Number of protein chains: 2
Amino acid sequence: MNNLRFATAVHILVLLDKFRGEFITSEFIAGSINVNPVVVRRELKVLREAGLVLSKKGKEGGLSLLKDPTCIHMGELYKLVNQENTLGRMNHPNPACPIGKQMNSKLQSLFYQADNALILTLNKQSLADFAAQIV
Amino acid sequence: MNNLRFATAVHILVLLDKFRGEFITSEFIAGSINVNPVVVRRELKVLREAGLVLSKKGKEGGLSLLKDPTCIHMGELYKLVNQENTLGRMNHPNPACPIGKQMNSKLQSLFYQADNALILTLNKQSLADFAAQIV
DNA sequence: CTTAATGTAACAAAATTTATTACATAAAAA
DNA sequence: TTTTTATGTAATAAATTTTGTTACATTAAG
């Protein structure tokens with residue numbers, strides 16, 4: 001997760017929360033985040049497909065928050081934008097090594113536990129909670 | 001953390017644990033992990049500087065576990081190999097945007113909380129615990 | 001019909017990560 | 001003392017991932 005996706009997704013959702021009821025453009029969002037609009041649209045696709053966001057095409061179109069921000073939890077969002085293991089990738093150990101060949105199955109369960117614990121922690125905070133910190 | 005560093009560090013330490021008392025070479029470790037020996041030595045540098053590992057140069061040299069494996073905790077190890085935020089990087093929002101300009105300080109504290117929770121979870125498991133799963 | 005928006009593919013550029021080569025240094029053993 | 005075998009690390013190359021950009025199809029309001 002050495003990327004900007006979580007930060008970008010949160011930023012998008014906070015803006016949508018602050019402009020609840022209205023439609024704002026990806027251009028506007030991109031201007032606030034300071035990235036290319038296409039990057040924003042790519043992230044919006046994920047949010048839309050997860051049912052968090054509504055998009056309206058054409059003139060007077062734009063984006064709008066679809067789901068209740070008190071029901072959008074940060075862990076859920078993290079899972080959405082990060083499909084990989086939080087603790088990173090795994091090697092492909094030498095199958096001829098009796099120790100190495102057992103490594104990945106044990107790492108996998110450690111990674112799984114860690115991901116779950118992280119998501120549970122993040123789920124304690126909703127988008128509404130987070131956005132409320134921003135005046 | 002979209003890299004192999006944590007998996008690599010754990011693998012190294014498990015091998016050192018299994019060969020406790022002996023010196024094993026970075027070449028041997030690399031052979032088990034299936035990576036270049038230089039990658040292993042780079043990681044060993046971090047482990048050595050943190051006092052986990054002892055290295056002996058020259059003929060008959062190699063690596064050996066220095067610290068008691070029941071006192072090496074996974075969270076500590078994770079911190080060692082991952083200096084960045086677990087939840088990723090942050091954008092550089094437009095300072096002219098009243099919402100955007102507040103984003104990073106709030107994200108920073110969320111990131112901090114998440115990192116702490118993750119490390120606490122990982123610290124419940126020691127190297128000894130982890131290695132014991134591997135016969 | 002014009003205008004202004006999303007949606008996406010295709011490609012380019014940048015940044016990060018891993019692999020490799022080369023060689024200095026150290027220490028044991030012949 | 002010389003040879004052998006290790007670590008340590010710099011420098012560079014290659015691969016992969018991430019982000020940026022361009023282009024254009026599609027959609028809908030006015």
Side-chain angles (χ1 to χ4, degrees), chain A residues 1-9 11-12 15-16 19 22-31 33-50 52-66 81-85 87-94, chain B residues 1-9 11-12 15-16 19 22-31 33-50 52-66 81-85 87-94:
Chain A
M1 195 64 186
N2 192 14
N3 60 36
L4 299 163
R5 293 193 59 197
F6 183 72
T8 301
H11 197 137
I12 291 170
L15 284 174
L16 291 173
F19 290 92
E22 306 172 49
F23 281 87
I24 60 177
T25 70
S26 57
E27 196 92 25
F28 173 76
I29 297 172
I33 304 179
N34 229 336
V35 293
N36 195 289
V38 176
V39 173
V40 172
R41 294 197 200 120
R42 279 201 281 250
E43 215 52 59
L44 281 165
K45 180 181 190 178
V46 176
L47 301 176
R48 177 163 29 84
E49 287 174 348
L52 306 189
V53 156
L54 178 70
S55 70
K56 192 165 73 174
K57 284 176 119 183
K59 203 170 177 178
E60 305 289 289
L63 294 310
S64 180
L65 194 58
L66 188 58
V81 301
N82 176 42
Q83 308 288 13
E84 302 150 351
N85 287 314
L87 298 186
R89 298 208 303 275
M90 283 180 255
N91 290 291
H92 299 291
N94 186 345
Chain B
M1 195 65 185
N2 191 15
N3 60 36
L4 299 164
R5 293 193 59 196
F6 184 72
T8 301
H11 197 137
I12 292 170
L15 284 174
L16 291 174
F19 290 91
E22 304 173 51
F23 282 87
I24 59 177
T25 70
S26 58
E27 196 92 25
F28 173 77
I29 297 172
I33 305 180
N34 229 337
V35 293
N36 195 289
V38 176
V39 173
V40 173
R41 294 197 200 121
R42 280 202 282 251
E43 214 54 57
L44 280 165
K45 181 182 189 176
V46 176
L47 301 176
R48 177 163 29 86
E49 287 174 348
L52 305 188
V53 156
L54 178 70
S55 69
K56 191 166 74 176
K57 285 177 119 181
K59 202 169 179 179
E60 306 288 288
L63 294 311
S64 179
L65 194 58
L66 188 58
V81 300
N82 177 42
Q83 307 289 12
E84 302 151 350
N85 287 313
L87 298 185
R89 299 208 302 276
M90 283 180 255
N91 290 292
H92 299 288
N94 186 345

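Bear in mind the structure is a predicted one, so any value in this text is a computation, not a measurement. Chain naming here is simple, since letters A, B, ... match the order of the sequence lines and numbering starts at 1 in each.
Heavy atoms only, all atoms of each residue included: B:Phe23 and B:Gly61 are closest at CB-O, 4.1 Å. Nearest heavy atom pair, residue B:Met90 against residue A:Ala7, reads CA-CB, 4.1 Å. Between A:Leu4 and A:Thr8, the shortest heavy-atom contact is O-OG1, 2.7 Å. Taking all atoms of both residues into account, the shortest heavy-atom contact from A:Pro93 to B:His11 is CB-CE1, 3.8 Å.
No side-chain heavy atom of B:Asn91 sits less than 4.5 Å from a side-chain heavy atom of A:Asn34. No side-chain heavy atom of A:Leu44 sits less than 4.5 Å from a side-chain heavy atom of A:Ser55. The closest side-chain heavy-atom distance from B:Arg48 to B:Leu63 is not below 4.5 Å.
The phosphate of C:dT6 (OP1 or OP2) has a side-chain N or O of A:Ser26 nearer than 4.0 angstrom. In this structure, A:Thr25 does not reach the C:dA4 phosphate: none of its side-chain N or O atoms is under 4.0 Å from OP1 or OP2.
Judged by distance alone, with hydrogens and angles left aside, the side-chain atoms of B:Asn85 form no donor-acceptor pair with the main-chain N or O of B:Leu87 at under 3.5 Å.
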Under 4.0 Å protein heavy-atom contacts per nucleotide of nucleotides 11-22 of chain C, with B for base, S for backbone only and - for none:
-----SSSBBB-
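Rounded to 10 degrees, the angle separating the terminal axes of the helix from C:dC1-D:dG30 to C:dA30-D:dT1 is 0°, with each axis obtained from five end pairs.
Taking CG of A:Asn94 as the reference point, atom CD1 of B:Ile33 lies at 10.5 Å (rounded to 0.5 Å). Rounded to the nearest 0.5 Å, atoms CG (A:Asn3) and CZ (B:Arg89) are 7.0 Å apart. Taken from CD1 in B:Ile24 to CD1 in B:Ile12, the straight-line distance is 9.0 Å, to the nearest 0.5 Å.
Residues that satisfy the salt bridge (charged side-chain N to carboxylate O under 4.0 Å, His left out) test with A:Arg41, not counting sequence neighbours, are absent from this structure. The salt bridge (charged side-chain N to carboxylate O under 4.0 Å, His left out) test applied to A:Arg5 returns A:Glu43, not counting sequence neighbours.
Within the 4.0 angstrom heavy-atom criterion, only backbone atoms of the sugar-phosphate kind lie near B:Leu63; the bases stay farther away.
Heavy-atom contacts of chain A under 4.0 Å fall on DNA chain D between two terminal nucleotides, which in 5' to 3' order are D:dT18 to D:dA29.
In this structure, the CZ atom of A:Phe28 is 17 Å from the C1' atom of C:dA4, given to the nearest Å. In this structure, CD1 of A:Ile24 is placed 13 Å from P of C:dA5, rounded to the nearest angstrom.
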Using a cutoff of under 3.5 Å, can you pull out all pairs of nitrogen or oxygen atoms linking the protein to nucleotides 25-28 of chain C, with atom names and distances?
from	atom 1	to	atom 2	distance (Å)
C:dA27	N3	B:Lys59	N	3.4
C:dA28	O4'	B:Lys59	O	3.4

